[in-house]
Amino acid sequence: MLQVAFIRENRADVIKRLEKRNLDASQMIDDVITLDEERRELQTKLDNTLAESNSISKEIGNLFKSGKAAEANVLKEKTTQLKEDSKALGEQLNAKAEALNNLLYKIPNVPHESVPNGNSDEDNEEIFIEGDIPKLHDGALPHWELAKKYDIIDFELGNKITGAGFPVYKGKGARLQRALIAYFLDKNTAAGYTEYQLPHLVNEASGFGTGQLPDKEGQMYHVGEDNLYLIPTAEVPGTNIFRDELLSENDLPIGITGYTPCFRREAGSYGAHVRGLNRLHQFDKVEIIRVEHPDNSYKAFEGMIDHVKNILKELKLPYRILRLCGGDVTFASALTYDFEVFSTAQDRWLEISSVSNFETFQANRLKLRFKNKDGKTQLCHTLNGSSLALPRVLAGILENYQTKDGIKIPEVLIPYTGFDKI
RNA sequence: GGAGAAAUGGCAGAGUGGUCGAAUGCGGCAGUCUUGAAAACUGUUGAGGGUCACACCUCCGGGGGUUCGAAUCCCUCUUUCUCCGCCA
(Lines give C-alpha, C1' and ligand atoms only; values in the text may rest on other atoms or scores of the structure.)
Protein backbone atom coordinates (compact mmCIF):
# COMPACT_ATOMS: atom_id res chain seq x y z
CA MET A 1 0.00 0.00 0.00
CA LEU A 2 1.00 3.59 -0.48
CA GLN A 3 2.50 5.53 2.39
CA VAL A 4 0.28 8.17 3.95
CA ALA A 5 3.12 10.67 4.19
CA PHE A 6 3.80 10.21 0.48
CA ILE A 7 0.13 10.78 -0.37
CA ARG A 8 -0.01 13.84 1.86
CA GLU A 9 3.05 15.41 0.31
CA ASN A 10 2.26 14.53 -3.31
CA ARG A 11 -1.51 14.73 -3.40
CA ALA A 12 -1.92 16.18 -6.90
CA ASP A 13 0.80 14.04 -8.41
CA VAL A 14 -0.61 10.82 -6.94
CA ILE A 15 -4.07 11.58 -8.32
CA LYS A 16 -2.64 12.46 -11.70
CA ARG A 17 -0.56 9.34 -11.95
CA LEU A 18 -3.42 7.10 -10.82
CA GLU A 19 -5.44 8.47 -13.74
CA LYS A 20 -3.26 6.28 -15.92
CA ARG A 21 -5.14 3.39 -14.37
CA ASN A 22 -8.33 5.07 -15.49
CA LEU A 23 -9.03 5.67 -11.85
CA ASP A 24 -10.29 8.90 -10.43
CA ALA A 25 -8.76 8.62 -7.00
CA SER A 26 -9.25 12.20 -5.91
CA GLN A 27 -12.04 11.36 -3.48
CA MET A 28 -10.13 8.46 -1.95
CA ILE A 29 -6.95 10.48 -1.68
CA ASP A 30 -8.73 13.34 0.02
CA ASP A 31 -10.41 10.89 2.37
CA VAL A 32 -7.03 9.44 3.23
CA ILE A 33 -5.67 12.86 4.05
CA THR A 34 -8.70 13.76 6.15
CA LEU A 35 -8.76 10.44 7.99
CA ASP A 36 -5.07 10.78 8.69
CA GLU A 37 -5.51 14.27 10.08
CA GLU A 38 -8.33 13.10 12.29
CA ARG A 39 -6.30 10.12 13.34
CA ARG A 40 -3.38 12.28 14.38
CA GLU A 41 -5.65 14.65 16.25
CA LEU A 42 -7.10 11.77 18.25
CA GLN A 43 -3.64 10.39 18.80
CA THR A 44 -2.47 13.69 20.28
CA LYS A 45 -5.48 13.88 22.58
CA LEU A 46 -4.95 10.32 23.71
CA ASP A 47 -1.24 10.89 24.23
CA ASN A 48 -1.90 13.92 26.40
CA THR A 49 -4.41 12.02 28.51
CA LEU A 50 -2.03 9.14 28.96
CA ALA A 51 0.80 11.52 29.79
CA GLU A 52 -1.26 13.04 32.55
CA SER A 53 -2.26 9.74 34.06
CA ASN A 54 1.31 8.47 33.80
CA SER A 55 2.60 11.42 35.76
CA ILE A 56 -0.11 11.05 38.40
CA SER A 57 0.74 7.39 38.77
CA LYS A 58 4.35 8.29 39.35
CA GLU A 59 3.32 10.80 41.98
CA ILE A 60 1.15 8.23 43.71
CA GLY A 61 4.07 5.87 43.84
CA ASN A 62 6.24 8.51 45.45
CA LEU A 63 3.57 9.46 47.97
CA PHE A 64 3.08 5.86 49.04
CA LYS A 65 6.79 5.47 49.44
CA SER A 66 7.03 8.49 51.72
CA GLY A 67 4.05 7.26 53.74
CA LYS A 68 1.53 9.84 52.59
CA ALA A 69 -1.23 7.38 51.85
CA ALA A 70 -4.06 9.84 52.34
CA GLU A 71 -2.75 12.22 49.68
CA ALA A 72 -2.18 9.32 47.37
CA ASN A 73 -5.76 8.19 47.70
CA VAL A 74 -7.00 11.63 46.73
CA LEU A 75 -4.94 11.47 43.55
CA LYS A 76 -6.23 8.00 42.77
CA GLU A 77 -9.70 9.38 42.33
CA LYS A 78 -8.43 11.82 39.75
CA THR A 79 -7.27 8.99 37.54
CA THR A 80 -10.75 7.49 37.22
CA GLN A 81 -11.91 10.13 34.77
CA LEU A 82 -8.63 10.00 32.86
CA LYS A 83 -9.00 6.28 32.46
CA GLU A 84 -12.46 6.64 31.01
CA ASP A 85 -11.27 9.34 28.66
CA SER A 86 -8.32 7.37 27.41
CA LYS A 87 -10.44 4.29 26.88
CA ALA A 88 -12.94 6.23 24.79
CA LEU A 89 -10.22 7.99 22.85
CA GLY A 90 -8.44 4.70 22.26
CA GLU A 91 -11.56 3.19 20.75
CA GLN A 92 -12.10 6.18 18.50
CA LEU A 93 -8.49 6.10 17.46
CA ASN A 94 -8.63 2.41 16.57
CA ALA A 95 -11.76 2.91 14.52
CA LYS A 96 -10.14 5.80 12.67
CA ALA A 97 -6.94 3.91 12.02
CA GLU A 98 -8.88 0.94 10.74
CA ALA A 99 -10.94 3.09 8.40
CA LEU A 100 -7.75 4.67 7.10
CA ASN A 101 -6.13 1.30 6.56
CA ASN A 102 -9.12 -0.15 4.79
CA LEU A 103 -9.06 2.77 2.43
CA LEU A 104 -5.33 2.50 1.82
CA TYR A 105 -5.78 -1.17 0.95
CA LYS A 106 -8.07 -0.11 -1.89
CA ILE A 107 -5.67 2.30 -3.56
CA PRO A 108 -3.43 0.72 -6.19
CA ASN A 109 0.21 1.54 -6.70
CA VAL A 110 1.17 4.66 -8.59
CA PRO A 111 2.32 3.68 -12.09
CA HIS A 112 5.84 4.45 -13.23
CA GLU A 113 6.14 7.40 -15.58
CA SER A 114 6.95 5.13 -18.53
CA VAL A 115 3.66 3.24 -18.23
CA PRO A 116 1.54 4.01 -21.31
CA ASN A 117 -2.07 5.08 -21.09
CA GLY A 118 -4.68 2.52 -21.96
CA ASN A 119 -7.64 0.50 -20.87
CA SER A 120 -6.90 -3.12 -21.65
CA ASP A 121 -4.29 -5.54 -22.91
CA GLU A 122 -4.87 -4.17 -26.40
CA ASP A 123 -3.14 -0.96 -25.34
CA ASN A 124 0.01 -2.64 -24.07
CA GLU A 125 3.10 -1.43 -25.79
CA GLU A 126 5.30 -3.88 -27.64
CA ILE A 127 8.85 -2.83 -26.87
CA PHE A 128 10.90 -5.77 -28.04
CA ILE A 129 10.49 -8.75 -30.31
CA GLU A 130 12.96 -11.48 -31.13
CA GLY A 131 13.17 -14.92 -32.68
CA ASP A 132 11.95 -16.43 -35.92
CA ILE A 133 8.47 -17.76 -36.17
CA PRO A 134 8.90 -21.22 -37.64
CA LYS A 135 7.12 -22.35 -40.77
CA LEU A 136 5.28 -25.47 -39.74
CA HIS A 137 4.39 -28.40 -41.94
CA ASP A 138 0.84 -28.93 -43.14
CA GLY A 139 -1.34 -30.43 -40.46
CA ALA A 140 0.57 -28.83 -37.58
CA LEU A 141 -1.38 -29.23 -34.37
CA PRO A 142 -2.11 -27.16 -31.30
CA HIS A 143 -0.42 -28.49 -28.19
CA TRP A 144 -3.49 -30.20 -26.76
CA GLU A 145 -3.67 -32.35 -29.87
CA LEU A 146 0.05 -33.01 -29.77
CA ALA A 147 -0.24 -33.96 -26.10
CA LYS A 148 -2.77 -36.60 -27.03
CA LYS A 149 -0.96 -37.77 -30.13
CA TYR A 150 2.30 -38.38 -28.28
CA ASP A 151 0.61 -39.34 -25.00
CA ILE A 152 2.55 -36.89 -22.88
CA ILE A 153 -0.23 -34.93 -21.15
CA ASP A 154 -3.55 -36.41 -20.10
CA PHE A 155 -6.18 -33.81 -19.45
CA GLU A 156 -9.03 -36.30 -19.08
CA LEU A 157 -7.13 -38.21 -16.43
CA GLY A 158 -6.74 -34.97 -14.50
CA ASN A 159 -10.50 -34.48 -14.75
CA LYS A 160 -11.02 -37.89 -13.24
CA ILE A 161 -8.59 -37.43 -10.37
CA THR A 162 -9.32 -33.81 -9.53
CA GLY A 163 -11.18 -31.77 -12.10
CA ALA A 164 -10.62 -29.50 -15.08
CA GLY A 165 -7.38 -27.60 -15.06
CA PHE A 166 -5.30 -30.25 -13.30
CA PRO A 167 -3.45 -32.02 -16.11
CA VAL A 168 -1.43 -35.19 -15.66
CA TYR A 169 1.97 -35.23 -17.34
CA LYS A 170 3.21 -38.59 -18.43
CA GLY A 171 6.43 -40.19 -19.67
CA LYS A 172 8.44 -37.78 -21.77
CA GLY A 173 5.97 -35.04 -20.90
CA ALA A 174 6.68 -35.43 -17.20
CA ARG A 175 10.40 -35.63 -17.86
CA LEU A 176 10.28 -32.48 -19.95
CA GLN A 177 8.56 -30.67 -17.09
CA ARG A 178 11.28 -31.74 -14.70
CA ALA A 179 13.92 -30.75 -17.23
CA LEU A 180 12.48 -27.29 -17.64
CA ILE A 181 12.33 -26.75 -13.88
CA ALA A 182 15.93 -27.84 -13.44
CA TYR A 183 17.08 -25.78 -16.39
CA PHE A 184 15.35 -22.63 -15.17
CA LEU A 185 16.67 -23.04 -11.64
CA ASP A 186 20.18 -23.55 -12.98
CA LYS A 187 19.96 -20.43 -15.11
CA ASN A 188 18.67 -18.42 -12.16
CA THR A 189 21.25 -19.61 -9.67
CA ALA A 190 23.99 -19.00 -12.25
CA ALA A 191 22.73 -15.40 -12.39
CA GLY A 192 23.22 -15.06 -8.65
CA TYR A 193 19.81 -16.01 -7.29
CA THR A 194 19.79 -18.24 -4.22
CA GLU A 195 17.60 -21.28 -4.60
CA TYR A 196 14.82 -21.83 -2.07
CA GLN A 197 12.27 -24.53 -1.50
CA LEU A 198 9.24 -22.83 -0.10
CA PRO A 199 6.01 -23.90 1.58
CA HIS A 200 3.06 -24.38 -0.74
CA LEU A 201 0.57 -23.27 1.89
CA VAL A 202 0.68 -19.93 3.62
CA ASN A 203 -1.10 -18.33 6.54
CA GLU A 204 -3.34 -15.30 6.52
CA ALA A 205 -0.60 -12.86 7.49
CA SER A 206 1.41 -13.86 4.43
CA GLY A 207 -1.62 -13.44 2.21
CA PHE A 208 -1.96 -9.89 3.49
CA GLY A 209 1.75 -9.27 3.20
CA THR A 210 1.82 -9.65 -0.56
CA GLY A 211 -1.68 -8.31 -1.10
CA GLN A 212 -3.66 -11.41 -2.13
CA LEU A 213 -5.78 -10.66 0.91
CA PRO A 214 -8.15 -9.10 1.50
CA ASP A 215 -9.09 -8.39 -2.12
CA LYS A 216 -8.29 -11.50 -4.10
CA GLU A 217 -9.38 -14.01 -1.53
CA GLY A 218 -11.62 -15.78 -4.03
CA GLN A 219 -8.70 -16.52 -6.33
CA MET A 220 -6.92 -18.71 -3.81
CA TYR A 221 -7.77 -22.18 -2.59
CA HIS A 222 -8.44 -22.07 1.12
CA VAL A 223 -7.89 -24.89 3.57
CA GLY A 224 -10.61 -24.09 6.03
CA GLU A 225 -9.71 -26.38 8.86
CA ASP A 226 -6.30 -24.83 9.33
CA ASN A 227 -7.04 -21.45 7.79
CA LEU A 228 -4.23 -21.74 5.24
CA TYR A 229 -4.12 -20.81 1.58
CA LEU A 230 -2.58 -22.69 -1.33
CA ILE A 231 -0.09 -20.38 -2.96
CA PRO A 232 -1.07 -18.82 -6.29
CA THR A 233 2.63 -18.08 -6.94
CA ALA A 234 5.97 -18.49 -5.18
CA GLU A 235 5.93 -14.72 -4.81
CA VAL A 236 3.76 -15.17 -1.73
CA PRO A 237 5.99 -17.40 0.43
CA GLY A 238 9.12 -16.00 -1.22
CA THR A 239 8.39 -12.37 -0.47
CA ASN A 240 7.01 -13.07 2.98
CA ILE A 241 10.44 -14.33 3.95
CA PHE A 242 11.10 -10.63 4.39
CA ARG A 243 7.96 -9.64 6.23
CA ASP A 244 8.73 -7.58 9.35
CA GLU A 245 12.43 -7.48 8.58
CA LEU A 246 14.85 -4.69 9.20
CA LEU A 247 17.87 -5.28 6.99
CA SER A 248 21.15 -3.51 6.90
CA GLU A 249 22.12 -1.73 3.71
CA ASN A 250 24.90 -4.28 3.20
CA ASP A 251 22.33 -7.06 2.95
CA LEU A 252 21.07 -5.58 -0.31
CA PRO A 253 20.55 -6.61 -2.99
CA ILE A 254 18.90 -9.95 -2.29
CA GLY A 255 17.91 -12.33 -5.05
CA ILE A 256 16.10 -15.59 -4.52
CA THR A 257 14.59 -18.16 -6.83
CA GLY A 258 12.31 -21.06 -6.21
CA TYR A 259 10.23 -23.62 -7.98
CA THR A 260 6.70 -24.20 -6.71
CA PRO A 261 3.44 -25.42 -8.09
CA CYS A 262 0.89 -22.61 -8.25
CA PHE A 263 -2.79 -22.98 -7.47
CA ARG A 264 -5.38 -20.61 -8.85
CA ARG A 265 -9.12 -20.90 -8.73
CA GLU A 266 -9.44 -18.73 -11.84
CA ALA A 267 -13.06 -18.15 -10.99
CA GLY A 268 -14.88 -16.77 -13.97
CA SER A 269 -12.49 -17.68 -16.80
CA TYR A 270 -13.95 -20.05 -19.32
CA GLY A 271 -14.01 -20.46 -23.05
CA ALA A 272 -11.86 -21.49 -25.96
CA HIS A 273 -8.86 -19.38 -24.99
CA VAL A 274 -8.37 -21.44 -21.85
CA ARG A 275 -7.93 -24.72 -23.70
CA GLY A 276 -5.13 -27.12 -22.99
CA LEU A 277 -2.28 -25.62 -21.05
CA ASN A 278 -3.34 -22.05 -21.65
CA ARG A 279 -5.00 -21.63 -18.28
CA LEU A 280 -4.83 -24.11 -15.42
CA HIS A 281 -5.77 -24.43 -11.78
CA GLN A 282 -2.45 -26.02 -10.97
CA PHE A 283 0.73 -25.26 -12.83
CA ASP A 284 4.45 -25.11 -12.24
CA LYS A 285 6.51 -21.98 -12.11
CA VAL A 286 10.02 -20.93 -11.26
CA GLU A 287 10.06 -17.49 -9.76
CA ILE A 288 12.74 -14.87 -9.16
CA ILE A 289 12.38 -12.31 -6.39
CA ARG A 290 14.59 -9.36 -5.59
CA VAL A 291 14.84 -7.00 -2.63
CA GLU A 292 16.63 -3.85 -3.68
CA HIS A 293 17.86 -0.48 -2.54
CA PRO A 294 15.40 2.09 -3.95
CA ASP A 295 18.18 3.74 -5.93
CA ASN A 296 18.94 0.50 -7.71
CA SER A 297 15.56 -1.07 -8.34
CA TYR A 298 15.06 0.00 -11.94
CA LYS A 299 18.54 -1.11 -12.85
CA ALA A 300 17.72 -4.44 -11.22
CA PHE A 301 14.46 -4.51 -13.18
CA GLU A 302 16.38 -4.18 -16.45
CA GLY A 303 18.68 -6.93 -15.26
CA MET A 304 15.72 -9.25 -14.72
CA ILE A 305 14.39 -8.46 -18.20
CA ASP A 306 17.76 -9.27 -19.74
CA HIS A 307 17.91 -12.47 -17.75
CA VAL A 308 14.56 -13.73 -19.02
CA LYS A 309 15.40 -12.63 -22.56
CA ASN A 310 18.55 -14.68 -22.39
CA ILE A 311 16.65 -17.82 -21.40
CA LEU A 312 14.12 -17.44 -24.22
CA LYS A 313 16.91 -16.84 -26.66
CA GLU A 314 18.61 -20.05 -25.55
CA LEU A 315 15.34 -21.93 -25.95
CA LYS A 316 15.06 -20.38 -29.41
CA LEU A 317 11.46 -19.43 -28.92
CA PRO A 318 9.97 -16.43 -30.72
CA TYR A 319 8.89 -13.95 -28.10
CA ARG A 320 8.03 -10.34 -27.51
CA ILE A 321 8.04 -8.01 -24.54
CA LEU A 322 5.10 -5.79 -23.67
CA ARG A 323 5.10 -2.81 -21.40
CA LEU A 324 1.74 -3.05 -19.69
CA CYS A 325 -0.51 -0.05 -19.96
CA GLY A 326 -2.12 1.68 -17.00
CA GLY A 327 -5.32 -0.29 -17.38
CA ASP A 328 -3.56 -3.65 -17.37
CA VAL A 329 -0.76 -3.21 -14.87
CA THR A 330 -1.53 -5.13 -11.68
CA PHE A 331 -2.72 -3.51 -8.48
CA ALA A 332 0.56 -3.58 -6.58
CA SER A 333 2.93 -2.97 -9.46
CA ALA A 334 4.47 0.30 -10.60
CA LEU A 335 5.88 -1.15 -13.80
CA THR A 336 5.32 -4.53 -15.43
CA TYR A 337 6.79 -6.09 -18.54
CA ASP A 338 5.10 -9.20 -19.85
CA PHE A 339 6.92 -11.76 -21.95
CA GLU A 340 4.86 -13.58 -24.53
CA VAL A 341 5.89 -16.53 -26.60
CA PHE A 342 4.39 -17.02 -30.04
CA SER A 343 2.41 -20.17 -30.25
CA THR A 344 2.56 -20.95 -33.93
CA ALA A 345 -0.08 -23.62 -34.14
CA GLN A 346 -2.56 -21.51 -32.20
CA ASP A 347 -1.43 -18.40 -34.04
CA ARG A 348 -1.39 -16.34 -30.87
CA TRP A 349 0.88 -14.92 -28.21
CA LEU A 350 0.95 -16.61 -24.81
CA GLU A 351 2.08 -14.88 -21.65
CA ILE A 352 4.93 -16.77 -20.04
CA SER A 353 6.51 -14.27 -17.72
CA SER A 354 5.60 -11.09 -15.98
CA VAL A 355 8.33 -9.00 -14.40
CA SER A 356 7.30 -6.24 -12.00
CA ASN A 357 8.78 -3.55 -9.83
CA PHE A 358 6.57 -2.88 -6.83
CA GLU A 359 8.81 -0.13 -5.50
CA THR A 360 7.80 0.35 -1.84
CA PHE A 361 4.19 -0.77 -2.30
CA GLN A 362 4.70 -4.32 -1.05
CA ALA A 363 7.46 -3.36 1.36
CA ASN A 364 5.17 -0.93 3.12
CA ARG A 365 2.66 -3.68 3.79
CA LEU A 366 5.35 -6.17 4.65
CA LYS A 367 7.25 -3.73 6.85
CA LEU A 368 10.38 -4.63 4.92
CA ARG A 369 12.93 -1.95 5.69
CA PHE A 370 16.65 -1.40 5.73
CA LYS A 371 18.87 0.88 7.68
CA ASN A 372 20.54 3.32 5.31
CA LYS A 373 24.01 4.83 5.58
CA ASP A 374 22.67 7.67 7.74
CA GLY A 375 21.19 5.17 10.17
CA LYS A 376 17.62 5.96 9.10
CA THR A 377 15.16 3.20 8.36
CA GLN A 378 13.79 3.21 4.86
CA LEU A 379 11.49 0.91 2.89
CA CYS A 380 13.09 -1.49 0.45
CA HIS A 381 11.94 -1.99 -3.12
CA THR A 382 10.68 -5.43 -4.10
CA LEU A 383 10.58 -6.97 -7.55
CA ASN A 384 9.63 -10.30 -8.94
CA GLY A 385 9.20 -12.16 -12.15
CA SER A 386 8.57 -15.58 -13.58
CA SER A 387 11.68 -17.27 -14.82
CA LEU A 388 9.68 -19.01 -16.07
CA ALA A 389 6.09 -20.30 -15.98
CA LEU A 390 6.07 -23.84 -17.32
CA PRO A 391 2.81 -24.65 -19.10
CA ARG A 392 2.87 -22.04 -21.80
CA VAL A 393 6.58 -22.47 -22.37
CA LEU A 394 5.79 -26.13 -22.84
CA ALA A 395 2.94 -25.23 -25.18
CA GLY A 396 5.32 -23.01 -27.12
CA ILE A 397 7.96 -25.71 -27.39
CA LEU A 398 5.51 -28.41 -28.44
CA GLU A 399 3.90 -26.25 -31.07
CA ASN A 400 6.96 -24.51 -32.46
CA TYR A 401 9.26 -27.52 -32.41
CA GLN A 402 6.84 -29.99 -33.97
CA THR A 403 7.84 -31.74 -37.17
CA LYS A 404 6.16 -34.38 -39.26
CA ASP A 405 8.01 -37.08 -37.40
CA GLY A 406 8.04 -35.88 -33.87
CA ILE A 407 8.69 -32.96 -31.60
CA LYS A 408 12.28 -31.85 -31.33
CA ILE A 409 13.70 -30.85 -27.97
CA PRO A 410 15.49 -27.48 -27.75
CA GLU A 411 19.18 -28.11 -27.66
CA VAL A 412 19.83 -26.57 -24.25
CA LEU A 413 17.29 -28.92 -22.72
CA ILE A 414 18.67 -32.17 -24.08
CA PRO A 415 21.18 -32.59 -21.23
CA TYR A 416 18.21 -32.30 -18.87
CA THR A 417 15.75 -34.52 -20.72
CA GLY A 418 18.15 -37.19 -21.87
CA PHE A 419 16.30 -37.42 -25.20
CA ASP A 420 16.17 -35.14 -28.22
CA LYS A 421 12.79 -35.97 -29.64
CA ILE A 422 9.30 -36.88 -28.58
C1' G B 1 -2.14 -37.08 20.44
C1' G B 2 -0.33 -36.84 26.18
C1' A B 3 2.97 -34.26 30.02
C1' G B 4 6.17 -30.21 31.21
C1' A B 5 8.99 -25.57 30.11
C1' A B 6 9.44 -21.18 27.49
C1' A B 7 8.50 -16.54 24.07
C1' U B 8 12.34 -9.77 26.01
C1' G B 9 16.11 -4.99 21.22
C1' G B 10 19.75 -6.91 14.67
C1' C B 11 21.34 -11.61 17.65
C1' A B 12 22.27 -13.99 22.50
C1' G B 13 20.51 -13.16 27.28
C1' A B 14 19.26 -10.75 32.50
C1' G B 15 15.09 -8.67 34.62
C1' U B 16 8.89 -11.24 39.08
C1' G B 17 4.46 -4.64 40.61
C1' G B 18 6.73 1.99 40.49
C1' U B 19 13.48 4.35 40.18
C1' C B 20 12.61 -0.48 33.27
C1' G B 21 12.45 1.01 26.80
C1' A B 22 14.88 -2.56 29.71
C1' A B 23 21.57 -4.93 32.67
C1' U B 24 25.43 -7.53 30.15
C1' G B 25 27.71 -9.75 25.86
C1' C B 26 27.94 -10.06 20.50
C1' G B 27 27.03 -7.43 16.13
C1' G B 28 26.58 -2.35 13.70
C1' C B 29 28.37 2.78 13.41
C1' A B 30 32.07 6.73 14.70
C1' G B 31 36.82 7.79 16.69
C1' U B 32 42.03 6.79 18.83
C1' C B 33 46.28 3.85 17.50
C1' U B 34 48.34 1.94 12.43
C1' U B 35 51.54 3.17 5.94
C1' G B 36 46.79 0.19 5.57
C1' A B 37 44.12 -3.69 7.91
C1' A B 38 43.43 -6.73 12.25
C1' A B 39 43.63 -6.49 17.51
C1' A B 40 43.00 -3.24 21.60
C1' C B 41 40.77 1.04 23.67
C1' U B 42 36.87 5.14 23.77
C1' G B 43 32.16 6.73 22.44
C1' U B 44 27.57 5.55 20.23
C1' U B 45 23.56 2.25 18.79
C1' G B 46 15.81 -0.76 19.37
C1' A B 47 11.13 0.20 16.53
C1' G B 48 6.67 3.06 15.52
C1' G B 49 3.66 7.59 16.20
C1' G B 50 4.17 12.84 17.05
C1' U B 51 6.99 17.75 16.60
C1' C B 52 10.28 22.82 12.60
C1' A B 53 12.97 20.75 16.70
C1' C B 54 12.01 19.22 21.62
C1' A B 55 8.33 17.48 24.80
C1' C B 56 5.20 13.57 24.87
C1' C B 57 2.84 8.67 23.60
C1' U B 58 2.96 3.33 22.20
C1' C B 59 5.59 -1.34 21.83
C1' C B 60 8.99 -7.00 26.14
C1' G B 61 4.87 -13.39 21.00
C1' G B 62 -1.01 -11.82 19.72
C1' G B 63 -5.63 -10.48 22.23
C1' G B 64 -8.22 -9.43 26.83
C1' G B 65 -8.19 -8.45 32.25
C1' U B 66 -6.52 -6.94 37.55
C1' U B 67 -4.07 -2.26 39.47
C1' C B 68 -3.40 4.69 40.63
C1' G B 69 0.79 1.97 38.13
C1' A B 70 2.34 -4.39 34.42
C1' A B 71 8.02 -7.01 30.70
C1' U B 72 6.68 -8.65 35.82
C1' C B 73 0.07 -10.89 38.34
C1' C B 74 -4.57 -13.39 35.97
C1' C B 75 -7.33 -15.36 31.50
C1' U B 76 -6.97 -16.77 26.43
C1' C B 77 -4.79 -17.75 21.66
C1' U B 78 -0.42 -18.73 18.80
C1' U B 79 4.42 -20.46 18.38
C1' U B 80 8.94 -22.89 20.06
C1' C B 81 11.69 -26.44 23.04
C1' U B 82 12.10 -31.13 26.13
C1' C B 83 10.08 -36.02 27.30
C1' C B 84 6.46 -39.92 25.76
C1' G B 85 3.50 -42.02 21.63
C1' C B 86 3.07 -42.38 16.25
C1' C B 87 5.68 -41.78 11.67
C1' A B 88 7.83 -40.33 5.51
Side-chain angles (χ1 to χ4, degrees), chain A residues 1-9 32-101 103-104 197 199-209 213-214 223-229 237 240-254 291 293 360 362-380:
Chain A
M1 60 186 177
L2 295 174
Q3 295 165 87
V4 178
F6 179 80
I7 290 176
R8 205 193 312 150
E9 284 156 27
V32 165
I33 292 170
T34 310
L35 282 169
D36 181 54
E37 268 165 21
E38 292 168 354
R39 197 212 93 229
R40 279 183 296 163
E41 202 176 306
L42 282 167
Q43 181 82 60
T44 308
K45 273 191 197 163
L46 175 62
D47 287 357
N48 292 337
T49 310
L50 290 172
E52 198 178 338
S53 76
N54 284 347
S55 86
I56 290 176
S57 290
K58 248 175 218 163
E59 228 175 298
I60 290 173
N62 290 332
L63 287 171
F64 272 125
K65 232 174 266 174
S66 47
K68 296 172 184 165
E71 286 177 48
N73 285 323
V74 173
L75 278 181
K76 268 195 198 178
E77 283 175 26
K78 261 178 88 173
T79 60
T80 315
Q81 184 62 42
L82 288 172
K83 268 175 103 174
E84 277 171 29
D85 290 352
S86 59
K87 196 178 172 196
L89 284 167
E91 279 165 11
Q92 288 174 51
L93 179 66
N94 284 342
K96 200 61 82 177
E98 201 188 328
L100 176 60
N101 250 333
L103 186 55
L104 283 170
Q197 279 206 7
H200 300 168
L201 283 92
V202 294
N203 58 28
E204 223 170 12
S206 292
F208 273 94
L213 298 175
V223 182
E225 177 137 45
D226 296 297
N227 196 25
L228 297 172
Y229 294 86
N240 274 285
I241 291 171
F242 305 102
R243 172 155 48 85
D244 291 320
E245 288 293 322
L246 178 57
L247 306 170
S248 98
E249 188 162 338
N250 298 332
D251 294 331
L252 303 175
I254 295 170
V291 180
H293 190 289
T360 60
Q362 277 187 333
N364 190 33
R365 255 196 206 200
L366 290 163
K367 293 198 176 63
L368 165 54
R369 300 145 302 161
F370 71 99
K371 199 159 263 217
N372 67 21
K373 292 240 153 56
D374 303 327
K376 293 244 163 68
T377 49
Q378 212 180 325
L379 291 171
C380 300

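Keep in mind it's a predicted model, so treat the numbers as computed, not measured. Throughout, a chain's letter reflects where its sequence line sits, starting with A, and its residues are numbered from 1.
Place Leu246(A) and Asn94(A) on RNA chain B by their nearest nucleotides, and Leu246(A) ends up nearer the 5' end. Remark on RNA chain B: of its neighbouring residues Asn250(A) and Gly61(A), the 5'-side contact belongs to Gly61(A), judged by nearest-heavy-atom nucleotide.
Taking the side chain as every heavy atom from C-beta outward, Asn364(A) and Leu104(A) never approach each other to under 4.5 Å.
Non-hydrogen atoms lying under 4.0 Å from RNA chain B are contributed by Lys83(A), all within residues 80-93 of chain A.
Residues meeting the ring pair (Phe, Tyr, Trp, His ring centres under 6.0 Å) test with Phe242(A), sequence neighbours left out: none. Legend: residues meeting side-chain contact (heavy atoms from CB on, under 4.5 Å) with Asn250(A), ordered by chain and number and at least two apart, are Ser248(A). Shown here are the side-chain contact (heavy atoms from CB on, under 4.5 Å) partners of Arg8(A), two or more places apart in sequence or in another chain: Val4(A), Ala5(A), Asp36(A), Arg40(A). Residues passing the side-chain contact (heavy atoms from CB on, under 4.5 Å) test with Asn94(A): none are found, sequence neighbours excluded. With sequence neighbours excluded, the residues that form a side chain to side chain donor-acceptor pair (under 3.5 Å) with Glu249(A) are Lys373(A).
Nucleic acid contact for Asn48(A): none, since no nucleic acid atom lies under 4.0 Å from a heavy atom of the residue. When heavy atoms are screened at a 4.0 angstrom cut-off, Thr79(A) is found touching the sugar-phosphate backbone but no base atom. Within the 4.0 angstrom heavy-atom criterion, only backbone atoms of the sugar-phosphate kind lie near Lys371(A); the bases stay farther away. Across all strands shown, Leu50(A) has heavy atoms under 4.0 Å from sugar-phosphate atoms exclusively, and none from any base.
Straight-line distance between the C1' atoms of C57(B) and U76(B): roughly 27 Å, to the nearest whole Å. Separating the C1' atom of C41(B) from that of A55(B) is a span of 36 Å, rounded to the nearest Å. When the C1' atom is used for both U42(B) and C33(B), the distance is 11 Å, rounded to whole Å. For G46(B) and C84(B), the P atoms lie 44 Å apart once the distance is rounded to whole Å. Nucleotides A39(B) and C29(B) have their P atoms positioned 12 Å apart, rounded to a whole Å. To the nearest whole angstrom, the two P atoms, one in U82(B) and one in C74(B), are 26 Å apart. Taking atom P on both G61(B) and A12(B), the two are 14 Å apart, rounded to the nearest angstrom. Across U66(B) and U16(B), the matching P atoms stand 24 Å from one another, rounded to whole Å.
Screening residues 82-96 of chain A for salt bridge (charged side-chain N to carboxylate O under 4.0 Å, His left out) gives Glu38(A)-Lys96(A) as the qualifying pairs, with residues at least two apart or on separate chains.
Read 5' to 3', the first and last nucleotides of RNA chain B with an atom closer than 4.0 Å to a heavy atom of chain A are G18(B) to G69(B).
Nucleotide G27(B) is matched to U45(B) when pairs are restricted to Watson-Crick or G-U wobble geometry with both distances under 3.5 angstrom. With a 3.5 Å ceiling on both atom-pair distances, C33(B) lacks any Watson-Crick or G-U wobble partner. When both pairing distances are held under 3.5 Å, G18(B) makes a Watson-Crick or G-U pair with C68(B). In this structure, G4(B) forms a base pair with C81(B), meeting either the Watson-Crick or the G-U wobble geometry with both donor-acceptor distances under 3.5 Å. Of the nucleotides present, none pairs with C54(B) by Watson-Crick or G-U wobble criteria with both distances under 3.5 Å.
Checked options Leu379(A), Ile241(A), Val291(A); the residue passing with Leu368(A) is Val291(A) (criterion: side-chain contact (heavy atoms from CB on, under 4.5 Å)).
Annotation for Gln3(A): atom CD counts as buried by contact number, over 12 foreign heavy atoms lying within 6.0 Å.
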Under 3.5 Å, which donor-acceptor pairs link side chains of residues 46-53 of chain A to any protein atom two or more places apart or in another chain?
from: Asp47(A); atom 1: OD1; to: Gln43(A); atom 2: NE2; distance (Å): 3.2
from: Asn48(A); atom 1: ND2; to: Thr44(A); atom 2: O; distance (Å): 3.3
from: Thr49(A); atom 1: OG1; to: Lys45(A); atom 2: O; distance (Å): 2.8
from: Ser53(A); atom 1: OG; to: Leu50(A); atom 2: O; distance (Å): 3.3

